[in-house]
Structures are given as C-alpha cells and as structure tokens.
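Note sheet for the following structure.
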Amino acid sequence: MSNIFVLVEHRQGELRDITLEMLTKASQLAEKTGGETVALLLGNGVDSHAEKLTGYSDKVLYMDDPLFEDYNSEKYQKALVAFFKEQKPYLVMMGHTAQGVDLAPALAVELKMPFVTDVIDLEYVDDKLQPLRQYYGGKVNAEFSFKGEPPYLVTFREATLEVPEPFKSGKVEKIDSPLKEDIDYRKFLEYIEAEVGDVDITQSEILVAVGRGVKEEKNMAMIEELASAIKADICASRAATDAGWLPHDRQVGTSGKTVKPKLYIAIGISGAFQHLAGMKGAKTIIAINKDPEAPIFAEADYAIIDDLFKVVPKLTEKLQELRG
Amino acid sequence: MNTFVCVKRVPDTSEAEVKVDATEKDVDSSKFSFDINDADNYAVEEAVQIKEAQGGTVQVLCCGPQDADMMIRMALAKGGDSAMRIDDPRINFSDPLQVAKVLAAAIKEQEYDLVLTGCWADDDGFMAVGVALAEELGIPHAAMVKKVEVEDGKVKAHRELEGGISEVVEITLPAVLTIQTGINEPRYAPIRGIRQAQKKELKVLKLDDLGISEEEVSEDSSLIELKRFYIPEVESKAEIIEGEPEEKAEKLAEKMVKGGLI
Ligand SMILES: Cc1cc2nc3c(=O)[nH]c(=O)nc-3n(C[C@H](O)[C@H](O)[C@H](O)COP(=O)(O)OP(=O)(O)OC[C@H]3O[C@@H](n4cnc5c(N)ncnc54)[C@H](O)[C@@H]3O)c2cc1C
Ligand SMILES: Nc1ncnc2c1ncn2[C@@H]1O[C@H](COP(=O)(O)O)[C@@H](O)[C@H]1O
C-alpha cells in the first residue's frame, strides 16, 4: 500500500530520461513511506529496457505485448485500469510529457484518482504527500494536498532532476498484459521526424535567442545586426517561432532543440520552463528583459533589466567598435 | 462538422508583477490585462477553418464570469456561430477535473463531431482539462495537436512530441483534440464580423441548468486541495548590470569582449 509506481516512458527504442528522473524522486519518497519503487513498463520487445531499469528501481514489472509496440493512450489506459484494480499503489508517477498529458487526466477521471499535474517537487511530510506546482508561467508556486484515498496520481515535470547513474539492483518480473485485443478508435500511424533547416543550432558556439518581447518581425533586423557583429546564429522561443519570425527548427526548448553553446543571449524571453530546459546547459547566459521577475534571470550569468529596444542597438554598436 | 471550442480568459502576466492576495489562494489581478488564452485562440482558428472547408457549425464554450463575454464575442466575430458561458461562483477552478466535468455537462446532450480545447491554459498550466473532458464524454482524444486532417468520420491528428518529432494518430469522431500553439495563423476579427457577433446567441447557464449539483464541482468534493500560493524565491547568481540603458549596453559589450565570451 505504500509502494510508488513510475510509468516508464520510452519511444523508438529509447528509454526516456524522465523515467530515471522520476525513479530518483520515487526512491527518495519510498524511503519515507516505507514502500518499494516499482517501474511499470508497457512495450513490445523491451527486455533490455527492463534489465536497465533494475539499476533504478526495487522492482520492474513489464508487460511485453505486440499491442504495445507504439504508445497509444487508449490501450495504456485500458491496461492500467485493469492493473490498478489489482495492485494498490500509494502513488503513481507519470511524466508531464507529451505522453503523460495525453494519458493521465483520462486515467484519473476513470479511476477517480486524486490528481495533480506538472508537479515540480513532491515532499512527504507528516504522513502526507505535498505536491508543488506552478502558476502564471512560473511566477507563483502552489502547494497542493491530496484528499481521498490512494492511489494518488501526478505528472512530474521533466528536467527538474539530474539523470542519475544506476543506484539500485532491483528484480524484474514479466506480467501478463490484460489487453486482449486491439482497438480501432485510436490508431498510431507514424512518426514524423523533426524538420532540418539551414543552420543546426545545436552546433552553434554563440546563440542570440529572441522571444515575444521583440514584438514584431521587422525588429528582427536589429537582432540580425547584433548576431552578425559577434558571428552568432539566431534561435528563438516558441512564441517567436509560432509567430513565424523564424522557422521551427530554430526553436529552443522541450518541443524544440536542446542547445549547449558557449554563449546564449536571451532577448525578450521570459524563461518558461519549457524554454529553460533547452538552454540551461549553455556555458554563459546573458538575459535582456525589462521584467525583473522574469524567470530567465534565475539561469542568467549577466542580467540587463531594461527595454531591449534601447539596449540592443547600443550593444551592437559598442561590440562593433570594440572588435574593430 | 459541428465543433465545440473551449476558450478561457486569462491574464497576461508575462510582463506584470504578480502578487499573492490575502486569501493566499489567488493573486491580485486588478492590474492585469486579460485576453483569450493563447492556445485557445489557435483552437478557435482551427475550428473556423474546418467549418470553412467542410461546412457545419462552431460553438464557443466558456466557463467563467461575465468578464469573459468580450473574449467570447471576439471568437464569434472570427466565425463562431453561437456561444455558451457557464457562470457559477461555486465551480472550483483549482481542479481541472472539475472544470472538465462542467464543460462536459454543457456538451453532452448536444450534437457534435469534434471538441477542440487548447492544450494548456497560460494561467494554471494544468494541461489536463481537454483530456479529462474527453473521458467525461466517453469519446477518444489526442493531446497536443499541431495538425488536423478530417476525413470520413475520422481525424488524423499530428501530436507534438518532444524534440520536434511528431506522431500521427487516427481517431474516430466524435473526439476531443487539445490544440497546440503554432498550428495555424489566427486571424484578426473583421469589422463586419465584430458587428455581426453582437447579434449571435450567447447563452449564460448555471450549474442547475446543466443538471449538475454544486457538490460535484465545488472545492469540498474535489480530491485535491490548493493549500497556498507563494512567490518563489528566485536564486539568481546573475551579475546585474546597472546604469542607464546605453551604459548597460556598453558595460555588457566590454564584459563580453574582455571576458572572452565572444
Ligand atoms: C507543451 C509545450 C511545449 C512548449 N515547448 C516550448 C519550447 O520548446 N520552447 C519554448 O521557448 N517554449 C515552449 N513552450 C511555450 C512556453 O511555455 C512559453 O509560452 C514560451 O516560451 C514563451 O515565449 P517568450 O518567452 O518568447 O514569450 P513571453 O513569455 O510572452 O515573454 C516575453 C518576455 O519579453 C519581455 N519583454 C517584452 N517587451 C520587452 C522589451 N521592450 N524589452 C525587454 N523585454 C521585453 C517580457 O518582460 C517577457 O518576459 C511550450 C509550451 C507547451 C505547453
Ligand atoms: N474555464 C474554462 N472555460 C473554457 N475552457 C477551459 C476552461 N479552463 C480550461 N479550458 C480549456 O482547457 C484547456 C486546457 O486548460 P488547462 O488544463 O487548465 O491547462 C484550455 O486551453 C481551454 O481550452
């Protein structure tokens, strides 16, 4: 009753990091609840994933079934409903990912599970779980609690924890899939790979990144001048690619690219977690934003809190002068 | 194709100072400017484009107080046919499953093929209402959709995954899709549309009208509880560059060059 289950996420033959991040958190919690961690894996031909997961979880339960070849929320939901009617976990964790947000809310409704999404931290205090999440693009933290009976369900935010080295040697057990037949109302058809553009920003040494604060496409000229003065490539937040100022392959963040340049200059970007996840590995980060509370400043090494339209042209001019 | 599109009115807090109010469960929103949630704006556009291509209707659905009417009228001006707003102070907005229950009650008895929501609300960011709504309605769904192709009672939905990859799933209608930003180019409301929108039907309903009891969707019956809001401490190691804007720019340029950053 005090066990913590983590739904394993994998895609196209790869285990996804979020799984290992969640198992780290689960293991810390299980020490307090006095239960075990259980990695629950649904897939087809996933023996090697199961084996690898023993390094991170007390137990690995897996259903190996051709019906689980590709993720399908409807099949997952059916299997999990059947499974959780028998097994009674204390807590179930899923990634707050394209998979988790597509599955968890429906499962929570069907099983009437107390459910909190996009949890950034989870404490166990006075025999109770305290999920923490954020509102208003990270400007406000919100403490929640669960009412009602376990199992509790959370989706956990990606890239909040380090991906660990193996720290356990757990047991593997193959279990029968409760899924008896295929379904026809939702079918997986295919993957479409990311667009490839003219510049591969994952290889860039210096990146100038633009966000909604740049306001209009015509202001990109000012950004291009800065970039050319320091031989940088230009990338963007999602708001800027959605607006069409730059192609989608220049987007940095969870749904775009992960970049690790030597220098990242964020201009008019608020620093939503989906963006930070893609750029916080940069060696040096400069942020220019007029909002002193913008979350981007938490990651910055140098901060200019001011109007970018006053700062950027002068910055370009001075850089041109200094570099001759 | 008869489509419902769910829209929420949210504050723009990207440049605003956010303060927690005395209840510790809300923020002081007196200085915010409000508008339609970003993703919902794309959902409205998608619904209207589907109607333009295939015929049918677009009904706009919102759960919230009267302040939302202007936003709803704008969605009507862009091509919505009629609207429903569920206004009831008893609804608990801190639980996405309860919001989904209210929206489902409004849709359930109607004729529809498709329900579109945004994939996330900019204020609470639950990313849960749309998928929970599908479960309440007992119909299939696809979350985080950035391309829609409707044909023969089915829809091919391109779901956005991490890292720029997407997956294509085929689902049977009726279905719920949660729409991701960037899927289309939302139009501006034409002047003529704005005038016409004033005459379109906007029904305001209470919980009782939907046949759901307060108990089902109030804080007391929620399985979760919002305990408190607080402003997180931002631990910044950043060196803040001071001065007039031009001075700041010059100082930064010097640091970049002398510090060997470029
Ligand atoms: C599933 C999902 C995936 C996502 N994936 C990504 C992703 O991969 N990458 C990504 O970037 N986002 C992603 N997002 C979106 C993300 O949540 C934010 O909405 C987005 O990053 C905001 O972009 P922004 O910072 O440019 O805009 P905003 O948040 O609107 O910020 C604009 C900033 O500009 C500043 N500003 C305005 N005017 C000026 C001025 N004159 N001078 C100086 N500063 C100014 C403001 O203070 C503000 O901080 C995703 C969202 C979802 C739901
Ligand atoms: N009060 C509401 N009224 C209408 N639609 C809503 C409401 N709250 C959420 N939604 C819809 O659900 C989507 C996801 O919201 P959320 O789960 O809160 O992130 C939004 O983009 C809206 O389309």
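Every value quoted in this text rests on a predicted model; they were computed, and no experiment measured them.
In this structure, B:Ile240 CD1 and A:Phe297 CZ are separated by 8.0 Å, a value rounded to the nearest 0.5 Å. Distance check, rounded to the nearest 0.5 Å: CG of A:Asp102 to SG of B:Cys119 gives 11.0 Å. Here B:Glu167 contributes atom CD and A:Asp70 contributes atom CG; the two are 7.5 Å apart, rounded to the nearest 0.5 Å. Summarising the geometry, atom CG belonging to A:Asp242 is positioned 3.5 Å from atom OG1 belonging to B:Thr181; distances are rounded to the nearest 0.5 Å. Atom-to-atom distance recorded for A:Lys187:NZ and B:Glu170:CD is 5.5 Å, nearest 0.5 angstrom.
For the set A:Ala239, A:Ala194, A:Pro313, the entry with the most heavy-atom pairs within less than 4.5 Å of chain B is A:Ala194. Your options are B:Ala238, B:Gly259, B:Gly182, and the one with the most heavy-atom pairs under 4.5 Å with chain A is B:Ala238. Ranked by heavy-atom pairs under 4.5 Å with chain B, the first of A:Leu107, A:Leu189, A:Asn141, A:Val109 is A:Asn141. Your options are A:Gly138, A:Gly213, A:Ala298, and the one with the most heavy-atom pairs under 4.5 Å with chain B is A:Ala298. Between chain A and the residues B:Leu161, B:Val257, B:Ile241, the most heavy-atom pairs under 4.5 angstrom are made by B:Leu161. Taking chain B as the reference chain and counting heavy-atom pairs below 4.5 Å, the highest number among A:His248, A:Glu317, A:Glu110, A:Arg238 is found for A:Arg238. Per-residue counts of heavy-atom pairs under 4.5 Å with chain B were compared for A:Lys257, A:Gln251, A:Lys147, A:Glu193; the largest is that of A:Lys147. Between chain B and the options A:Tyr191, A:Tyr136, A:Phe188, A:Phe146, heavy-atom pairs under 4.5 Å are most frequent for A:Tyr136. In terms of non-hydrogen atom pairs under 4.5 Å with chain A, the most contact-rich of B:Thr178, B:Leu252, B:Ile231, B:Val10 is B:Leu252.
Shortest non-hydrogen contact noted between B:Ser236 and A:Ala300 is OG-O, 4.5 Å. B:Ile262 approaches A:Arg323 most closely through the heavy-atom pair CD1-NE, 3.8 Å. Residues A:Pro105 and B:Ala128 come closest through the heavy atom pair CB-O, 3.6 Å. Heavy-atom minimum distance, A:Ala142 versus B:Leu226: CB-CD1, 3.7 Å.
Of the atoms belonging to A:Glu293, it is side-chain heavy atoms, and not backbone ones, that fall under 4.5 Å from chain B. Using a 4.5 Å cut-off between heavy atoms, A:Leu226 makes no contact with chain B at all. Only the side chain of A:Glu74 comes within contact range of chain B, with at least one heavy atom under 4.5 Å from a heavy atom of that chain. Both the backbone and the side chain of A:Ala106 come within less than 4.5 Å of a heavy atom of chain B. Contacts of A:Asp184 with chain B are made by backbone atoms alone, with heavy-atom separations under 4.5 Å and no side-chain atom involved. Neither the backbone nor the side chain of A:Glu205 comes within contact range of chain B, judged by heavy atoms closer than 4.5 Å. The parts of A:Phe115 that come within reach of chain B are both its backbone and its side chain, each placing non-hydrogen atoms under 4.5 angstrom from that chain. Within the 4.5 angstrom heavy-atom criterion, only side-chain atoms of A:Ile286, from C-beta onward, approach chain B. Using a 4.5 Å cut-off between heavy atoms, A:Lys283 makes no contact with chain B at all. Contacts of A:Glu158 with chain B are made by side-chain atoms alone, with heavy-atom separations under 4.5 Å and no backbone atom involved. In this structure, no portion of A:Ile269 lies under 4.5 Å from any heavy atom of chain B. Using a 4.5 Å cut-off between heavy atoms, A:Thr284 touches chain B through its side chain atoms alone. For A:Leu263, the part sitting under 4.5 Å from any heavy atom of chain B is the side chain, from C-beta outward, and nothing else. Within the 4.5 angstrom heavy-atom criterion, no atom of A:Gln130 approaches chain B.
Ion pairing of A:Lys314 with B:Glu250 is present here, as a side-chain N (NZ or NE/NH1/NH2) and a carboxylate O approach within less than 4.0 Å. Between A:Glu299 and B:Lys237 there is no salt bridge, since no side-chain N of the basic residue sits under 4.0 Å from a carboxylate O of the acidic one. Checked for salt-bridge contact, B:Glu246 and A:Lys318 miss the test: no charged N lies under 4.0 Å from a carboxylate O.
Between the A:Arg133 side chain and the B:Gly125 main chain, a donor and an acceptor come within less than 3.5 Å of each other. Without hydrogens or angle criteria, B:Glu162 side chain to A:Ala98 main chain gives a donor-acceptor distance under 3.5 Å. At distances below 3.5 Å, not a single donor-acceptor pair connects side-chain atoms of A:Lys139 with backbone N or O atoms of B:Pro232. Judged by distance alone, the side chain of A:Thr117 and the main-chain N or O of B:Phe126 form a donor-acceptor pair under 3.5 Å.
Residues that satisfy the ring pair (Phe, Tyr, Trp, His ring centres under 6.0 Å) test with B:Phe229, not counting sequence neighbours, are A:Tyr135. Qualifying side-chain hydrogen bond (donor to acceptor under 3.5 Å, both in side chains) partners for A:Glu9, counting only residues two or more places apart in sequence or in other chains: A:Arg16, A:Thr97. Residues passing the side-chain hydrogen bond (donor to acceptor under 3.5 Å, both in side chains) test with A:Ser237, sequence neighbours excluded: none.
Taking the side chain as every heavy atom from C-beta outward, B:Met256 and A:Leu315 approach each other to under 4.5 Å. Annotation: side chain of A:Val140 is in contact with side chain of B:Val27 (closest heavy-atom distance under 4.5 Å). In this structure the side chain of A:Val101 never reaches within 4.5 angstrom of the side chain of B:Val131, judged on heavy atoms. At least one side-chain heavy atom of A:Glu190 sits less than 4.5 Å from a side-chain heavy atom of B:Val168. B:Glu135 places a side-chain heavy atom less than 4.5 Å from the side chain of A:Gln77. In this structure, A:Lys290 and B:Glu15 have side chains that are in contact, with non-hydrogen atoms separated by less than 4.5 Å. A 4.5 Å side-chain heavy-atom check between B:Leu261 and A:Lys262 finds every atom pair outside the cut-off. Residues A:Lys310 and B:Glu244 fail the side-chain proximity criterion, which asks for heavy atoms closer than 4.5 Å.
At a heavy-atom separation below 4.5 angstrom, chain A is approached by B:His141, B:Ala142, B:Ala143, B:Met144 within residues 141-151 of chain B.
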(request) Go through the steps for B:Lys255 and A:Tyr302 under the test side-chain contact (heavy atoms from CB on, under 4.5 Å), then give the verdict. (result) CA-CA 9 Å; B:Lys255 283 182 197 295; A:Tyr302 297 97; 3.6 Å; yes
